[in-house]
Amino acid sequence: MLDSGTILGAISPAEAVELTHAAFERHHEGAWEMPAKVYVEAPGAGDFRAMPARGGGYASLKWVTSFPRNPERGLPVVTGALLLSSAETGELLAICDCAAVTALRTGAAAAVSAQALAREDAATVGLIGCGVNGSWAARCLAAVGYGPGICADLREEAADSLAGELGWRAGSPEQALACDVVVTVTPGERAVVGAGELRAGSHLAVLGADGAGKAEVEASELGRCRLFCDEWRQASSGGELAGPVARGEVGRADVTELGAVLAGEAEGRGSAEELTLFDSTGLAIQDLGIAIAAYEAADGDAAPVPRISL
Ligand SMILES: NC(=O)c1ccc[n+]([C@@H]2O[C@H](COP(=O)([O-])OP(=O)(O)OC[C@H]3O[C@@H](n4cnc5c(N)ncnc54)[C@H](O)[C@@H]3O)[C@@H](O)[C@H]2O)c1
């Protein structure tokens with residue numbers, strides 16, 4: 001069993017960025033496979049997701065929640081387990097804490113998108129939503145050289161704590177929106193990026209809206225951006241883009257997958273003034289990349305990892 005401490009101890013934010021970059025590339029070239037994510041609604045509470053993937057000699061299945069009101073009960077929004085199996089023998093190799101895997105790969109996706117799509121001289125980071133996954137986005141961005149940043153959250157203590165950890169500053173959403181790289185990781189119940197609020201040349205990574213009915217960006221502001229996503233099938237049905245797609249405002253030809261940009265097959269940012277928006281819905285192949293690395297690190301580690309027979 002790989003618990004949160006083992007996973008976070010085995011993989012640094014910088015390594016998570018490299019692993020996530022590689023996972024997007026492997027998926028784009030067809031080497032890593034990922035059937036569609038399955039949502040199971042828990043009405044009034046949130047939803048469960050089942051996320052399978054195969055690649056690199058392994059297969060994984062993540063069973064994970066998004067229960068947005070859980071913090072009111074002192075419980076995490078994202079929780080569950082990831083099963084890692086051998087794709088050669090089918091053997092179950094590890095059960096991983098999925099909050100740690102999710103946080104590393106979600107934060108890393110924001111950083112990979114910034115490296116690919118932000119202006120070359122982009123430095124400052126504005127983070128709106130400094131909870132679990134927002135904090136890891138900030139850590140991953142900082143690990144690959146972005147910052148300083150502005151941390152904005154309805155909970156001042158969350159913004160202060162993260163800003164203190166990274167040597168950044170707590171500030172208002174308006175200050176965060178004025179940064180070169182803007183990352184939103186709120187529950188997606190209402191827009192946190194309003195009409196006309198983004199500055200020319202910004203890169204926006206939208207992480208919080210990862211399911212039906214969630215959105216963090218007003219439609220008119222989204223319309224000002226060149227659009228990118230992690231995977232069209234998933235993003236068009238359950239992410240920031242899902243609303244505009246359903247209303248016919250955005251179509252397949254308007255959105256580029258990040259993997260195609262990383263592979264050099266599609267254009268990224270077109271100019272220094274352009275606004276770029278990356279819609280991250282969270283892919284199973286990202287989880288797989290982190291889980292493999294955590295498993296291989298723990299397998300070769302002298303430190304004891306709890307083992308159970310199934
Ligand atoms: N894209 C992905 O891959 C991915 C992965 C994991 C989680 N998520 C989603 O990200 C969201 C956040 O998840 P989490 O685990 O970080 O939750 P969390 O509760 O730990 O953090 C959310 C933070 O947003 C803050 N917040 C809420 N409304 C705000 C507002 N209007 N302005 C500023 N701050 C606000 C909260 O105070 C909290 O600190 C959820 O919707 C979750 O489903 C997406």
Side-chain angles (χ1 to χ4, degrees), residues 8 11-18 20-21 71 77-78 102-188 191-194 196-210 216-217 221 225 228 230 240 258 268-269 272-280 282:
L8 297 177
I11 300 172
S12 70
E15 286 164 337
V17 175
E18 278 176 32
T20 302
H21 185 124
V77 173
V78 174
T102 302
L104 282 171
R105 62 75 148 152
T106 301
V112 173
S113 80
Q115 290 174 318
L117 301 171
R119 290 191 328 267
E120 270 183 29
D121 64 347
T124 57
V125 176
L127 176 68
I128 303 181
C130 306
V132 175
N133 286 283
S135 295
W136 283 97
R139 291 178 190 124
C140 288
L141 282 156
V144 296
Y146 289 96
I150 300 286
C151 299
D153 196 294
L154 294 180
R155 295 182 303 121
E156 272 177 36
E157 68 278 14
D160 285 341
S161 162
L162 183 63
E165 175 190 325
L166 295 173
W168 292 4
R169 257 187 335 113
S172 65
E174 292 72 26
Q175 290 169 318
L177 287 165
C179 292
D180 300 331
V181 176
V182 178
V183 184
T184 58
V185 202
T186 70
V192 291
V193 183
E197 287 194 317
L198 289 169
R199 288 211 183 157
S202 298
H203 171 64
L204 174 62
V206 187
L207 272 53
D210 60 348
E216 296 184 291
V217 185
E221 195 64 352
C225 301
F228 299 86
D230 48 13
E240 188 72 37
L258 182 60
R269 163 175 296 276
E273 293 74 39
E274 198 168 55
L275 291 168
T276 50
L277 182 153
F278 171 62
D279 179 14
S280 158

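Every value quoted in this text rests on a predicted model; they were computed, and no experiment measured them.
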Trainee: Specify the closest pair of heavy atoms between T184 and V206, including all atoms of both residues, with the distance to one decimal.
Mentor: OG1-CA, 3.5 Å
Trainee: Please list, chain by chain and in numerical order, all residues satisfying side-chain hydrogen bond (donor to acceptor under 3.5 Å, both in side chains) with S161, sequence neighbours excluded.
Mentor: none
Trainee: Can you find a pair of side-chain heavy atoms, one from L8 and one from L104, that are under 4.5 Å apart?
Mentor: yes
Trainee: Given side chains that start at C-beta, do those of L127 and L162 come closer than 4.5 Å, heavy atoms only?
Mentor: yes
Trainee: Do the side chains of S202 and L275 get nearer than 4.5 Å, heavy atoms only?
Mentor: yes
Trainee: Check A176 against I128 and note the closest heavy-atom contact, atom names and distance.
Mentor: CB-CG1, 3.8 Å
Trainee: Identify every side-chain donor-acceptor pair in residues 134-149 under 3.5 Å, counting partners at least two apart or on other chains, and give the distances.
Mentor:
{"unit_1": "S135", "atom_1": "OG", "unit_2": "C130", "atom_2": "O", "d": "3.3"}
{"unit_1": "S135", "atom_1": "OG", "unit_2": "G131", "atom_2": "O", "d": "2.7"}
{"unit_1": "R139", "atom_1": "NE", "unit_2": "E165", "atom_2": "OE2", "d": "2.6"}
{"unit_1": "R139", "atom_1": "NH2", "unit_2": "E165", "atom_2": "OE1", "d": "2.9"}
{"unit_1": "Y146", "atom_1": "OH", "unit_2": "A114", "atom_2": "O", "d": "3.3"}

Trainee: Please report the shortest heavy-atom distance between A103 and V132, naming the atom on each side.
Mentor: CB-CG1, 4.5 Å
Trainee: Can you find a heavy atom in the side chain of L198 that is under 4.5 Å from one in the side chain of V193?
Mentor: yes
Trainee: Using modelled atom types and a 3.5 Å cut-off, is there a donor and acceptor pairing between side-chain atoms of D230 and backbone atoms of G282?
Mentor: yes
Trainee: Rounded at 0.5 Å granularity, tell me how far CZ in F228 sits from CG in D279.
Mentor: 12.5 Å
Trainee: Donor-acceptor pair, distance only, cut-off 3.5 Å: does the side chain of E221 make one with the backbone of G196?
Mentor: yes
Trainee: Do you know which of R199, R119, R269 makes salt bridge (Lys or Arg N to Asp or Glu O under 4.0 Å) with D180?
Mentor: R119
Trainee: For residues 106-113, which side-chain N or O atoms pair as donor and acceptor with protein atoms under 3.5 Å away, sequence neighbours left out?
Mentor:
{"unit_1": "T106", "atom_1": "OG1", "unit_2": "T102", "atom_2": "O", "d": "2.6"}
{"unit_1": "S113", "atom_1": "OG", "unit_2": "A110", "atom_2": "O", "d": "2.8"}
{"unit_1": "S113", "atom_1": "OG", "unit_2": "H203", "atom_2": "NE2", "d": "2.9"}

Trainee: Measure the shortest side-chain to side-chain distance between L117 and L258 over non-hydrogen atoms and say whether it is less than 4.5 angstrom.
Mentor: yes
Trainee: Using the rule given for side-chain contact (heavy atoms from CB on, under 4.5 Å), can you reason through V17 versus Q115, listing the C-alpha separation, both sets of side-chain angles and the distance that settles it, and then say yes or no?
Mentor: CA-CA 10 Å; V17 175; Q115 290 174 318; 3.5 Å; yes
Trainee: Answer yes or no: is there a side-chain heavy-atom contact under 4.5 Å between C225 and V217?
Mentor: no
Trainee: Taking all atoms of both residues into account, what is the closest heavy-atom pair of I150 and C179, and its distance?
Mentor: CG1-SG, 3.9 Å
Trainee: Taking E240 for the side chain and E216 for the main chain, is one N or O donor matched with an acceptor at less than 3.5 Å?
Mentor: yes
Trainee: Show the numbers, then the answer: is there a side-chain contact (heavy atoms from CB on, under 4.5 Å) between V183 and L207?
Mentor: CA-CA 7 Å; V183 184; L207 272 53; 4.1 Å; yes
Trainee: Quick one: closest heavy-atom pair of A16 and I11, and the distance?
Mentor: N-CG2, 3.8 Å
Trainee: Rounded to the nearest 0.5 Å, what's the gap from CD on Q175 to OG1 on T124? Could you check?
Mentor: 11.5 Å
